[in-house]
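For clarity, every value in this text was computed on a predicted model and none was experimentally measured. By convention in this document, chain letters (A, B, ...) are assigned in the order of the sequence lines, proteins followed by strands, and residues within each chain are numbered from 1.
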Protein chains: 4
Amino acid sequence: MKRYECDYLEGADEQVLRALVETNAEQTVGYGEDDYCGLARRRIAALCEMPGAGIHFFVGGTQVNLTVIAAALRPFEGVLCADTGHINVHETGAVEATGHKALTLANRDGRISAQQIRDAWRAHIEDATHEHMVRPGMVYLSHPTELGTLYSRAELCAIREATLTCGLRLFIDGARMSYALAADPQVDLPFLARHCDAFTLGGTKCGALMGEALVLPDPQAWPLFRYHMKQRGAMLAKGRLLGVQFLTLMENGLYVALGRKANAQAQRLKAAFLAKGCPMLCDTLTNQIFPILPDDSLARLSDRFTYAHWTKVDETHTAVRFCAGATTPDANIDALLTAIQAL
Amino acid sequence: MKRYECDYLEGADEQVLRALVETNAEQTVGYGEDDYCGLARRRIAALCEMPGAGIHFFVGGTQVNLTVIAAALRPFEGVLCADTGHINVHETGAVEATGHKALTLANRDGRISAQQIRDAWRAHIEDATHEHMVRPGMVYLSHPTELGTLYSRAELCAIREATLTCGLRLFIDGARMSYALAADPQVDLPFLARHCDAFTLGGTKCGALMGEALVLPDPQAWPLFRYHMKQRGAMLAKGRLLGVQFLTLMENGLYVALGRKANAQAQRLKAAFLAKGCPMLCDTLTNQIFPILPDDSLARLSDRFTYAHWTKVDETHTAVRFCAGATTPDANIDALLTAIQAL
Amino acid sequence: MKRYECDYLEGADEQVLRALVETNAEQTVGYGEDDYCGLARRRIAALCEMPGAGIHFFVGGTQVNLTVIAAALRPFEGVLCADTGHINVHETGAVEATGHKALTLANRDGRISAQQIRDAWRAHIEDATHEHMVRPGMVYLSHPTELGTLYSRAELCAIREATLTCGLRLFIDGARMSYALAADPQVDLPFLARHCDAFTLGGTKCGALMGEALVLPDPQAWPLFRYHMKQRGAMLAKGRLLGVQFLTLMENGLYVALGRKANAQAQRLKAAFLAKGCPMLCDTLTNQIFPILPDDSLARLSDRFTYAHWTKVDETHTAVRFCAGATTPDANIDALLTAIQAL
Amino acid sequence: MKRYECDYLEGADEQVLRALVETNAEQTVGYGEDDYCGLARRRIAALCEMPGAGIHFFVGGTQVNLTVIAAALRPFEGVLCADTGHINVHETGAVEATGHKALTLANRDGRISAQQIRDAWRAHIEDATHEHMVRPGMVYLSHPTELGTLYSRAELCAIREATLTCGLRLFIDGARMSYALAADPQVDLPFLARHCDAFTLGGTKCGALMGEALVLPDPQAWPLFRYHMKQRGAMLAKGRLLGVQFLTLMENGLYVALGRKANAQAQRLKAAFLAKGCPMLCDTLTNQIFPILPDDSLARLSDRFTYAHWTKVDETHTAVRFCAGATTPDANIDALLTAIQAL
């Protein structure tokens, strides 16, 4: 069985793993205050062209999302997000468990717009009963989105302007950021660092064993942030495991290279499905594709390949997700391509 | 200025007030364990034809909602409700502040259906990733709804069956219950007590100075409930104030009589608006009406009457809300009727 | 049976009740934005000699405590308080339910000292692992304390200086403030308003049916505070009930006069117990006294008088609490005095 | 510099690391549902002689503590623990952030007793105001304690009986369990599984890169537990990383062997300190020792060795902590022994 249902099916990229092995016997202090974390921080800050940025390492995505959002919001504030946003759908209410409402906006292929944000803010402020309603305090975006789509540079500029106008923080969940950076070099790290209040560089889905790097362009706006991390169970004792991995991923362009490789793999799969007459639920340039297949074709693929069920499109067709990833072997892709061509 | 924007504009019904005055000098124990609370409990239980029911008195509606919901749900559970539901819109995220997500269903004139509940439950259970999603644990209805509409006996039976099938608790917010009981005698207290896990009898909007009576038909299902109340700041020191008021309201049919009076007042206003060619946003038989008026007519009424803005219908028309209430004087209604007829 | 176990046994002071009756039929807007609340706010601010102070009205003490503390603290911060503090002992973990730890200090007759606060702060800051510990963010005092004692002007000055030095907010719970103001005119409202970040004027235990007035000397430090209130279920629909009551209590010195009356009643009881050789657990000048009685004497009193059990002192003696209050009739006191003399 | 301040200074034991490397390229499903997790679960359950036990893998200790405690308690319940307990002192209020109070008992060398538990329970139940107080719902022990001490079999039997009598759950935090198992074979896994409701087998401090295995002897008592994990950000995407590590640790007695090695190292250090006339703050048989040293001796050691400051004992003496651990090289111990002997 070759697996494609998600992008965290294997362990780590080989270089990342090797770095962990090579540093295994060293003694370091804990909780992210070791030299590897320090080096990784400086490297990420340099890549963001923002030397003063605050960088914190987390083990997982839900963990970083709930910590950042709870740190940013006052008790009565909520977070605007796409109704398809990961925090709204797939984190078992982790954000609500910290006391905050997800204020959903209708997505378009996973995205929301600056206009929707402005409208939501105005609707709140102009409502005579606004003290009785959850006040928007932050905007959450995923980039790439849960549907594999990307925000353009222009869209992000507009969103940033909207959040500044409305006094909202902007947080970008980059659990799959390597694929975004590879797919659209216009939205690079320096651009991201200048256009939001917080964003993550995903490791788990991008070549690491586990880990997310949180970038806080203006750390003064997030005082005493490490207390938040500890309180949420998000401070890894052997923090250097995350430092070592991100140091490696961010060296010599490995992070983006892994993204580029997986994007290319996914695009080959997409081309094969399209050639067979299977349209895409929505078009994507990153590592996730969402073909719509006849159910009998799907059944045949299921014998040898896994994928994620997405949505029933009609009586006889289903949209599914296939993911390539940083550590997907080309041999797997070839096997699937052959099977698609034989459908 | 005569006020119509809501149904808590005056103090208490005169009989209720008199009872408070007459008992003022008595000494009683606190926190709802006095004789007046005891008598009021027994009377409500008797009216529900459920002598073993648990009855608790709260000061306000948001308070009782958040306490009941947080008491019922496990941390990872959420509450299904209409997107127009009071807990979703107008409680500043009070439910989320206790850690629970409001899982919204599209309303139809403020109502949701048994089928929507079943569908939401099935969608959760059948999703392969359901452990990553908030699990429905309760259904919240308002009766009357925020749009003044009512659930029929048949609808409530179907909803009850759906919640039992799906293992969900059913909680009915009766902040305006006197108006519902008056408008549809089919849905009476014994019926309600047999068809849900918790419901409230609103006092604040129904003739009391303040207060909501919570009915728990099966108190064994809500163990140690008074701890929840105290923890949420919902245990009134001089609890007898609530006992005295509900004892009076539930005596000789006063509660329903007050509802009947206000419903009739509202229906007179509705007839007057309809006679002037102003349609209703949605038809209601209770104390709230939602006429759609030309903006210039509204402007003229605004000089002497208040109402609640509801929604802009088109360029030149607006839907607004006028409320009659348990303590609205007939003279006020007459004045407004005259003004409507002069539009 | 004459009751003495607490100070919320009767309804309201007669003047307060009359004001409620007289204003009952008036129509006002809700949620504390009516003219009575406005007048009461201005009067309290004037008595505090701080015209710009923010004043908010709550129904109950636990409600105001949890709202103020949760509004003030960041998620990882806790509140320093006496181990006997109401929030630590008698609110069923209401503060913890908002996510914050009560950081307890050993009380001395219910009080804590400036030195204890400084020491706790220094211990935190100097601990190498402080990011792993709850950070003190606020100091909570009760005045009078739960043991009926008072902070002197000098003690409060020292505590204020300590909190300013350490960057902690200071919140004074004045659930029984009328008794404090009457017992020590040195610690008056202007002094309190200048020496803390928030304090309450209790109504429930001081002559009102219910209610606490929260004074925020610098309202800019508590932005959007009404959202917090609504989220915690602490915004009374018919807010004017609280406005009317506090307006009356604060008129012509009624509030302090009620305190003075009850203090005197309590002191008469204290003198009678002392004359019978019953020492006090701790000496108090306010409306609560804590005599230590032989158990057989207690048993005899129990037939006709209630009191609160406090603590077993030895095999044959028990400390108990007797409370006088704003609405305690002198006739009750006389009856108890006679009984004490007959012990 | 050789480090001794804690027991998570190096990476993983070599066998554990090798297993991660060897399985790195394999594809598995995520979130702990892979075969390695399955095998590790079965092995741990077998070692506990409780084949039906529920086993869940977490990344960190604070994470597992907050998840277990929040899953077990109703909103108004708190957790009894030693005042030195990790959840009370060193988790930045993570338990309070889930809404629950830590109810502290005075420790004796890090331990609490069955009698203290019974007394606390009785004090709650017998207090007339118990509804106003946090209700004990669980007992939390650390074994080994934060002071390196152990509960004896008899003590744990007595505590178990107390918790059953009082209706409290018992949770044992075994962050350093390998050292406990090695030091006292009487308290073995089958004994633990029969005598509590939940306990952990620490990995992070016991030879793994990271990870804690939670054992729930009666999984029916913890329904839908994985939802809790996901909501707290505690479900690792590449769950097999934890499965692989615990599978290795639990094979051929590795886990206990690593504990035995470190205990022996620590005991050698203890003997050396004692031989130099440095007493222990409290006697321990596990991997942590707490010698009291003259400050000038400490200063000399500080040049080449790190340790954790514990407490100032007098003007010229300080108690500190030295930890050996699963991955501490013998060469490090030898170096420190030489230095101690040269003091």
Visitor: Between V64(A), L209(A), V244(A), who has the most heavy-atom pairs with chain D when the cutoff is under 4.5 Å?
Guide: L209(A)

Visitor: When the ring planes of F322(D) and Y307(D) are compared, do they come out parallel, tilted or perpendicular, using 30° and 60° as the limits?
Guide: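 F322(D) and Y307(D): tilted rings.
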
Visitor: Okay, side chain of T204(A), backbone of G211(A): is any donor-acceptor separation there less than 3.5 Å?
Guide: yes

Visitor: Counting only heavy atoms closer than 4.5 Å, note whether V29(D) contacts chain A via side chain, backbone, both or neither.
Guide: both

Visitor: With respect to R176(A), which candidate in D7(A), T286(A), T200(A) satisfies the side chain to side chain donor-acceptor pair (under 3.5 Å) definition?
Guide: D7(A)

Visitor: May I ask you to name which of R232(D), M210(D), E91(D), R240(D) has the most heavy-atom pairs under 4.5 Å with chain A?
Guide: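 Greatest number of close heavy-atom pairs with chain A: R240(D).
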
Visitor: Testing the basics here: between N287(D) and G325(D), what is the closest heavy-atom pair and its distance to 0.1 Å?
Guide: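 Of all heavy-atom pairs spanning N287(D) and G325(D), the closest is ND2-CA, 4.5 Å.
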
Visitor: What closest approach, in Å, do F246(D) and A213(D) show between heavy atoms, and which atom pair accounts for it?
Guide: CZ-N, 3.4 Å

Visitor: What heavy-atom pair brings C37(D) and F57(D) nearest, and what distance separates the two atoms?
Guide: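 Between these two residues, the closest heavy atoms are O-CE1, 3.8 Å.
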
Visitor: Just do the side chain to side chain contact (heavy atoms under 4.5 Å, CB included) check on R226(A) and E33(A) with the steps written out, would you?
Guide: CA-CA 11 Å; R226(A) 284 169 54 85; E33(A) 297 190 310; 3.5 Å; yes

Visitor: Checking Q63(D) side chain against V59(D) main chain: does a donor-acceptor pair fall under 3.5 Å?
Guide: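 Flag set: sc Q63(D) to bb V59(D) pair under 3.5 Å.
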
Visitor: Contact part of E96(D) toward chain A, heavy-atom cut-off under 4.5 Å: side chain, backbone, both or neither?
Guide: neither

Visitor: So, the side chain of Y179(A) versus the backbone of G148(A): is there a donor-acceptor pair under 3.5 Å, distance only?
Guide: no

Visitor: What part of H90(D) gets within 4.5 angstrom of chain A, counting heavy atoms only: side chain, backbone, both, or neither?
Guide: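 For H90(D), the contact with chain A is made by the backbone alone.
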
Visitor: Could you tell me which residues in residues 20-28 of chain D have at least one non-hydrogen atom under 4.5 Å from a non-hydrogen atom of chain A, sorted by residue number?
Guide: V21(D), N24(D), A25(D), E26(D), Q27(D), T28(D)

Visitor: H228(D) vs F225(D) aromatic rings, parallel, tilted or perpendicular, using cut-offs 30° and 60°?
Guide: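 Answer is tilted, since the angle falls between 30° and 60°.
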
Visitor: A234(A), A237(A), G61(A), A70(A): which one forms the most heavy-atom pairs within less than 4.5 Å of chain D?
Guide: A237(A)

Visitor: Return the option, out of N65(A), T62(A), T328(A), D34(A), with the maximum number of heavy-atom pairs under 4.5 Å with chain D.
Guide: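 The answer is T62(A).
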
Visitor: Pairing donors with acceptors under 3.5 angstrom, does anything connect the side chains of T306(A) and E5(A)?
Guide: yes

Visitor: For M235(D), which atoms come within 4.5 Å of any heavy atom of chain A: side chain, backbone, both, or neither?
Guide: neither

Visitor: Which atoms of L17(D) come close to chain A, meaning under 4.5 Å heavy atom to heavy atom: side chain ones, backbone ones, both, or neither?
Guide: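 L17(D) touches chain A through side-chain heavy atoms alone.
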
Visitor: At a heavy-atom separation under 4.5 Å, does R18(A) approach chain D through its side chain, its backbone, both, or neither?
Guide: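 Neither part, no heavy atoms under 4.5 Å.
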
Visitor: Side chain to side chain donor-acceptor pair (under 3.5 Å) with Q265(D): which of N332(D), D330(D), D334(D)?
Guide: D330(D)

Visitor: Closest approach of A326(D) and G207(D), non-hydrogen atoms and distance?
Guide: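 Closest heavy-atom pair between A326(D) and G207(D): CB-N, 3.4 Å.
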
Visitor: Tell me, for T327(A) versus chain D, whether the close heavy atoms (under 4.5 Å) come from the side chain, the backbone, both or neither.
Guide: neither

Visitor: Measure Y4(A) against the heavy atoms of chain D and call it side chain, backbone, both or neither at under 4.5 Å.
Guide: neither

Visitor: Top residue by heavy-atom pair count (under 4.5 Å) with chain A, among G99(D), A97(D), G60(D)?
Guide: A97(D)

Visitor: Heavy-atom cut-off 4.5 Å, strictly under: side chain, backbone, both or neither for A175(A) against chain D?
Guide: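 No part of A175(A) comes within 4.5 Å of chain D.
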
